[in-house]
**Q** 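Dropping a structure here in C-alpha cells format, bear with me for questions.
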2 protein chains.
Amino acid sequence: MPAARPTRIQQKNRAAILDAALDVFSAQGFRGATVDQIASAAGLSKPNLLYYFPSKEAMHGALLTELMDNWLSPLRDLNPDGDPMQEIMGYVHRKLQMSRDFPRESRLFANEIVQGAPRIHAALSMDLKNLVDDKTAVIQSWITAGKIASVHPYHLLFSIWSLTQHYADFDVQIRAVLGDEDPFEGAPDFVDTLYRRLLTP
Amino acid sequence: MPAARPTRIQQKNRAAILDAALDVFSAQGFRGATVDQIASAAGLSKPNLLYYFPSKEAMHGALLTELMDNWLSPLRDLNPDGDPMQEIMGYVHRKLQMSRDFPRESRLFANEIVQGAPRIHAALSMDLKNLVDDKTAVIQSWITAGKIASVHPYHLLFSIWSLTQHYADFDVQIRAVLGDEDPFEGAPDFVDTLYRRLLTP
DNA sequence: GAATGATTTGACCAACTGGTCAAACCAAGG
DNA sequence: CCTTGGTTTGACCAGTTGGTCAAATCATTC
C-alpha cells in the first residue's frame, strides 16, 4: 500500500497514471472513461492501477482537487494594489495561455461542470465563491474609484472564464470553423481589444 | 415498426422519448446515460423505447441533428442588409435567450463538443463552417464600410457563442458563485454593454 | 366481435466494467 | 544467496448495460 515514503517507482507510476487519467477523463468524461483505457494509456495493467489508486473515483478526485487549486491561482494573484487595467488584462492573458497550454485540464473541468458538478459542488460554493466574492469586491472598488468602466463584476469574471476556456473546451469546433488558421493566432489580440474597450473608463 | 404514417401514439411516444433522452443525455453525456434511465424518465419500458428507436445511438443522433438545425438558425437569420449594430446585438440577445430557455440543448451540444464531437464532426466542418464563412464575410464587409469597429470576425462569433452558452453550460458554477441572484438578471445588460463598447466604431 | 396490425412487456443474453485476490515477481539490504 | 517488503498480474466475480424475442395486450376497422 503506497504510504508515507513514496518510492521512486511509486512516484513514477502515480504520475504516469494521473497523466493517463487526465487524457482519458478529459476526452471521455468520468463515466465514459474506463479503468482499462487509463491502464493501457499508462502502460500498466488494470490491477496494477488499482494498487496505486483504490478506485476510479479516487483517480478522478485526485485530478480534480489538484486542478481546482492550479486553476484558481491566476485569480488569486489578482493584486488589489496593482494597476487595475493591467491586473485585469494580465489575468485575461494568463487564463488564455492556460487554455492553450493545459486544454486537458480545462476540459476535465468543463466535463464536470456541464454535468452538474456532482463531485465538486462543495468546492464551488465554498472555495470558489469566497475567492470570487473577494475579488469582485476589489474590482468594484476599482470601478468606484473610476479606474475602470462600470460593469457587473461577477459577469465580467464569467465572461473572462467563458471566453478563455472556450478555446480549450470547444477546440474541435473552433478548428473545424477556422480551418488551417491557428486559433491562438488571433485570440490574444481579440480578447485584448475586447476587454480594453469594455473597461476603459 | 414506425414508418411512413406515424399514428397518434407514435407521435406522442416519440416526443416523450426524445424529451426524456434530452434530459438524460444533457445531464450525463452519451456514455453516462443509460437506456433504462431514459425509459423510466419517459414513463416507458426499455424494450418499448427500442421499439421506437433502434438504439441508444439513434436517439442521440435524432436529438443532435434536430438541435444542429435549430441552434444555427439565429446566425442564419443575420441579415446582411439590416443595420449592422442592430443585427449583431439582436443575434447576441437571441443566443442569450436560447441559453436561458433551452439549457438542456446547449448542454447536449457542449457535452458532444468537449468530448471531441465524435458524432457531429462532419456537420461542424461542413454546415457550420460554410455558414460561418458566409456570415463572417458579411461582418467583414460591415467593418470595411466603417459601420462597426474592426475586430476579427471569427473570434467575434466565438466570443458570442462562448459567452452566451456559458450561462447554460456552466449554470451550476454560475449559480454557486452568484448565490441567490438570478444569472439572467444581470446578463443581458452585461453582454449588451460589452458588445456595444467593442463594436461601436 | 373477429380479425389485423400496432404496441407493450417479462425474461433473457452477451459484452463490458469496476474491483478483488492469491500467487508470482522483483529490488535491495543483509 | 536469501529474506523481506514492495510491485505486478492472470484469473475471476458480481453488477450493469445495450439489445433481443416471443408472447401478450391493445386499438381499429371491417
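Letters go in sequence order (proteins before strands), and every chain restarts at 1.
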**Q** Whole angstroms only, please: what is the CD-P distance between B/Gln28 and D/dG18?
**A**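 Rounding to the nearest Å, CD of B/Gln28 and P of D/dG18 are 11 Å apart.
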
**Q** Just how far, in rounded Å, is C1' of D/dG19 from CD1 of B/Ile17?
**A**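 Roughly 15 Å, once rounded to whole Å.
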
**Q** Determine, for nucleotides 16-27 of chain C in 5'-to-3' order, which nucleotides have protein heavy atoms under 4.0 Å from the base (write B), from only the sugar-phosphate (write S), or from neither (write -).
**A** -SBBBB------

**Q** To the nearest angstrom, how far is B/Lys12 atom NZ from D/dC26 atom C1'?
**A**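 Computing the B/Lys12:NZ to D/dC26:C1' distance gives 13 Å.
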
**Q** For C/dA6, take OP1 and OP2 only and decide whether either is under 4.0 Å from a side-chain N or O of B/Asn13.
**A**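 No.
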
**Q** How about A/Lys129: does its NZ atom have over 12 heavy atoms from other parts shown lying under 6.0 Å from it?
**A**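 Count over threshold, so yes.
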
**Q** Can you label the angle between the A/Phe158 ring and the A/His155 ring as parallel, tilted or perpendicular, going by 30° and 60°?
**A**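 Taking A/His155 first and then A/Phe158, their aromatic rings stand perpendicular (interplane angle over 60°).
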
**Q** Between A/His152 and B/Asp189, is a side chain to side chain donor-acceptor pair (under 3.5 Å) present by the stated rule, with each step listed?
**A** CA-CA 9 Å; A/His152 194 304; B/Asp189 240 48; over 6 Å; no

**Q** To the nearest Å, how far apart are A/Leu49 CG and D/dT7 P?
**A**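 Atom-to-atom, A/Leu49 to D/dT7, this comes out as 14 Å.
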
**Q** Ring centroids only, cut at 6.0 angstrom: are A/His60 and A/Phe30 within range, meaning strictly under it?
**A**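 Between A/Phe30 and A/His60, which both carry aromatic rings, the centre distance is below 6.0 Å.
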
**Q** Once you round it to whole Å, what is the distance between C1' of D/dG19 and CE of B/Met59?
**A**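 Atom-to-atom, B/Met59 to D/dG19, this comes out as 10 Å.
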
**Q** Report the distance from atom CD of B/Gln11 to atom P of C/dA6, rounded to the nearest whole Å.
**A**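 In whole Å, C/dA6 P lies 16 Å from B/Gln11 CD.
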
**Q** Does a nitrogen or oxygen in the side chain of A/Gln10 sit under 4.0 Å from OP1 or OP2 of D/dG6?
**A**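 Result: no.
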
**Q** Do you know which two heavy atoms are closest between B/Gly82 and B/Trp142, and how far apart they sit?
**A**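 Smallest interatomic distance, heavy atoms only, reads O-CZ2, 4.4 Å.
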
**Q** Between A/Asn48 and D/dT9, is there a side-chain N or O to OP1/OP2 distance below 4.0 Å?
**A**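 It does, given that an N or O in the side chain of A/Asn48 lies less than 4.0 Å from OP1 or OP2 of D/dT9.
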
**Q** Is any NZ, NE, NH1 or NH2 atom of the basic residue among A/Asp83 and A/Lys147 found under 4.0 Å from an Asp or Glu carboxylate oxygen of the other?
**A**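 Salt bridge flag = no for A/Lys147 with A/Asp83.
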
**Q** Phosphate oxygens OP1/OP2 of C/dT7: is one of them under 4.0 Å from a side-chain N or O of B/Tyr51?
**A**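 For C/dT7, OP1 or OP2 has a side-chain N or O of B/Tyr51 closer than 4.0 Å.
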
